[in-house]
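For reference, the structure discussed in these notes is given below.
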Amino acid sequence: MAGQSRKWMILVATIWIQAFTGTNFDFSSYSSDLKSVLGISQVQLNYLAVASDLGKALGWSSGLALLYMPLWAVLFMAAFMGLFGYGLQWLVIQNLVSLPYFLVFLLCLLAGCSICWFNTVCFILCIRNFPSNRALALSLTISFNGVSPALYTLAANAINSGDDALYLLLNSALPLFTSIVALGPILRQPLLDPLPTDAVRRDSLIFLILNFLAVLTGLYLLLLDSISSVASTARLLFGGAILLLLLPLCIPGIVVARNWAHQNIYSSFRLHGSGFNLVDVDDLELHKELLGQDNNSNGIAYIANGNASANRDVAAESDGCCERVMEKDRLAMLGEEHRASVLVRRWDFWLYYIAYFCGATVGLVYSNNIGQIAESLGYSSKTTTLVTLYSSFSFFGRLLSAAPDFIRGKVYFARTGWMAIALLPTPIAFFLLAASGGGAALHAGTALIGLSSGFIFAAAVSITSELFGPNSVGVNHNILITNIPVGSLLYGLLAALVYDANAGSSFGIMGDAVVCMGRGCYLQTFVWWACISIVGLASSVLLFLRTRPAYERFEQNRIQTQLY
């Protein structure tokens, strides 16, 4: 009983860590000040954003560190990376120290690496403590990473709403403080025995309650942010946000009370006839078996290209040249463990990579440019509101990534198909931004891009696990997200070159930096980003079509297992 209670404490600690370590999302809040103090061009500012994202390319280092160091040590190494990386940038922007551009670039890289290390710690905690509800735990905790900008906006406004550099100070200090608070539950991780089937069902109900609390938190931050410019109001709202983050602490008490009631009350009578069935228990057990939890001969195996029976099965569904292309090297079953050397030779992986690269990554680059976009359109005073809007809808998108697991009993659809649907709002948003430079279009486009990107950020971990093996997800997912720094460089450079080219005809002066003003600063960029996101959408649809038979075969196996 104590072990079950402590695992929920660990989940709450993971939520706190994620909520206060999404520090790369608030780059736009202080980027204009950083550009002015350093006296750099838009292209050089873009390289600083790339440096932060480049930390994700070093994500493998956190997995390597976990082989030789305890989890708590990796957590605090991440915290001190952020303290050093963001703290020195704050000193630079306050003109307390003077550093060359190259060292500031390295500080951004270090800060970005710290975020990746925090994420790895959270992934490991969820996977270890919730093996039967891994997807629900991951989507819930990852979603809170999207509320970081809104929380930091409230905290900054509560202290001094006129000091954008304050974000850097908060970025350096709050993750360290959160790590100290979360240390207790992490040090007391329980040794969990396999859950009985009724306990798995009750855990799923608790996840439903936690998702409801998460939606409440997101709505609170989204709807009340607009009135947080006054310091006294911001302090009150920030206190309310902290209270909402503390509410899940009631879960351990609920677990103990529930178990007591089950032993002392429920055993005396039994209720029948309930039609509520959140997550099918047999399905969860089948997930554990088929996704390689036991690594035995009953686990899922995929049938490679040379397996004749699989080729006949796939070929029976198609004919023609285009269909033969669809058949080539496609996954026949889910869950086979893929080494990195095998992964990079699979067509399905590269379709997945392109879908992410041309979808969610474009949305992330947009978030890095929100400050300059708002400034060029004459809405510089709305920058923090737009950052909060993006982060809040990113948060809701991440929560929605759990929907396939909640509704699976009634509506079954391949997770790769959900990803394709989630990519659809991105090109619509960019065309909307290109067509209108008004405030309504800016807010609507920002919300749509945040929603789309957030869904993919959260769903990608589960998709990687299902397509290429759960035991290899730590390595394989870090290979996948190497697209983020590459996309940040290419897409950000495209935006910066267009920005600087238009600054010559319509510009202002801010410190030593030239500022572009007008719709032309980003018009061509929005059109290019829309076209790129259409490529990502097409790639995701192709991935869905190629993987749909594998998902359907998995569902058939699940149904057959239930019948027997």
Side-chain angles (χ1 to χ4, degrees), residues 22 25-32 143 146-154 156-157 161 164 167 215 217-230 233-234 237 241 359-360 362-400 422-457 491 495 499 515-530 533:
F25 288 110
D26 63 15
F27 177 79
S28 293
S29 297
Y30 59 85
S31 59
S32 294
S143 68
V147 303
S148 293
L151 288 172
Y152 278 91
T153 296
L154 285 177
N157 288 341
S161 59
D164 291 337
Y167 283 89
V215 171
T217 303
L219 289 173
Y220 175 89
L221 292 170
L222 175 64
L223 298 178
L224 299 180
D225 175 75
S226 60
I227 62 173
S228 66
S229 56
V230 179
T233 305
L237 295 177
V362 180
L364 181 61
V365 176
Y366 172 82
S367 73
N368 289 338
N369 284 267
I370 285 177
Q372 280 65 51
I373 292 171
E375 186 178 60
S376 66
L377 295 175
Y379 297 102
S380 57
S381 62
K382 300 291 185 181
T383 297
T384 55
T385 300
L386 290 168
V387 170
T388 300
L389 185 68
Y390 175 88
S391 69
S392 297
F393 275 86
S394 175
F395 171 72
F396 290 127
R398 293 165 194 248
L399 282 179
L400 282 174
L423 272 170
L424 186 59
T426 300
I428 295 175
F430 283 126
F431 281 126
L432 177 64
L433 289 167
S436 173
L442 183 60
H443 284 75
T446 300
L448 286 173
I449 294 168
L451 187 70
S452 177
S453 300
F455 187 103
I456 298 166
F457 289 148
Y491 304 147
Y499 182 97
V515 177
C516 181
M517 301 298 294
R519 285 189 61 198
C521 300
Y522 279 93
L523 178 60
Q524 295 179 43
T525 300
F526 290 149
V527 174
W528 275 107
W529 284 352
S533 60

I'd like to know whether Tyr152 forms a side chain to side chain contact (heavy atoms under 4.5 Å, CB included) with Val387, so could you lay out the CA-CA distance, the side-chain angles of the two residues, the decisive distance to 0.1 Å, and finally the verdict. CA-CA 10 Å; Tyr152 278 91; Val387 170; over 6 Å; no

Could you check Phe526 against Leu432 for side chain to side chain contact (heavy atoms under 4.5 Å, CB included), going step by step and ending with a plain yes or no? CA-CA 9 Å; Phe526 290 149; Leu432 177 64; over 6 Å; no

Chi angles and distances behind the side chain to side chain contact (heavy atoms under 4.5 Å, CB included) call for Thr153, Leu221: CA-CA 10 Å; Thr153 296; Leu221 292 170; over 6 Å; no

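Interatomic distance, CG of Leu400 versus CZ of Phe393, reported as 10.5 Å (0.5 Å rounding). A distance of 11.0 Å separates OG1 of Thr385 from CD1 of Ile370, quoted to the nearest 0.5 Å. Distance check, rounded to the nearest 0.5 Å: OH of Tyr499 to CD1 of Ile373 gives 10.5 Å. Between the CZ atom of Phe395 and the CG atom of Leu219 there is a distance of 8.5 Å, given to the nearest 0.5 Å. Separation of atoms OH (Tyr390) and CG (Leu386) is listed at 12.5 Å; rounding is to 0.5 Å. The distance from the CH2 atom of Trp529 to the CZ atom of Phe430 is 5.5 Å, given to the nearest 0.5 Å.
Between Leu433 and Ile449 the shortest side-chain heavy-atom distance falls below 4.5 Å.
Tested against Asn369, the residues Tyr491, Tyr522, Phe27 include a single side-chain contact (heavy atoms from CB on, under 4.5 Å) partner, Tyr522. For the side-chain hydrogen bond (donor to acceptor under 3.5 Å, both in side chains) criterion with Tyr366, the lone passing option out of Thr446, Thr525, Thr426 is Thr446.
Across Met517 and Glu375, no two heavy atoms sit closer than the pair CE-O, 3.3 Å. Annotation for Ala434 and Leu523: closest pair O-CD1, 3.1 Å, computed over non-hydrogen atoms. Looking at every heavy atom in both residues, Ala360 comes nearest to Ser453 through O-OG, 3.7 Å. Across every non-hydrogen atom of Thr383 and Ala374, the tightest pair is OG1-CB, 3.8 Å. Counting all heavy atoms, side chain and backbone alike, Ala422 lies closest to Ser452 at O-OG, 2.5 Å. Closest approach of Tyr30 and Asp164 over heavy atoms only: CB-O, 3.6 Å.
Counting only distance, with no hydrogens or angles, the side chain of Arg519 and the backbone of Gly438 share no donor-acceptor pair below 3.5 Å. A donor-acceptor contact shorter than 3.5 Å is absent between the side chain of Ser392 and the backbone of Leu389.
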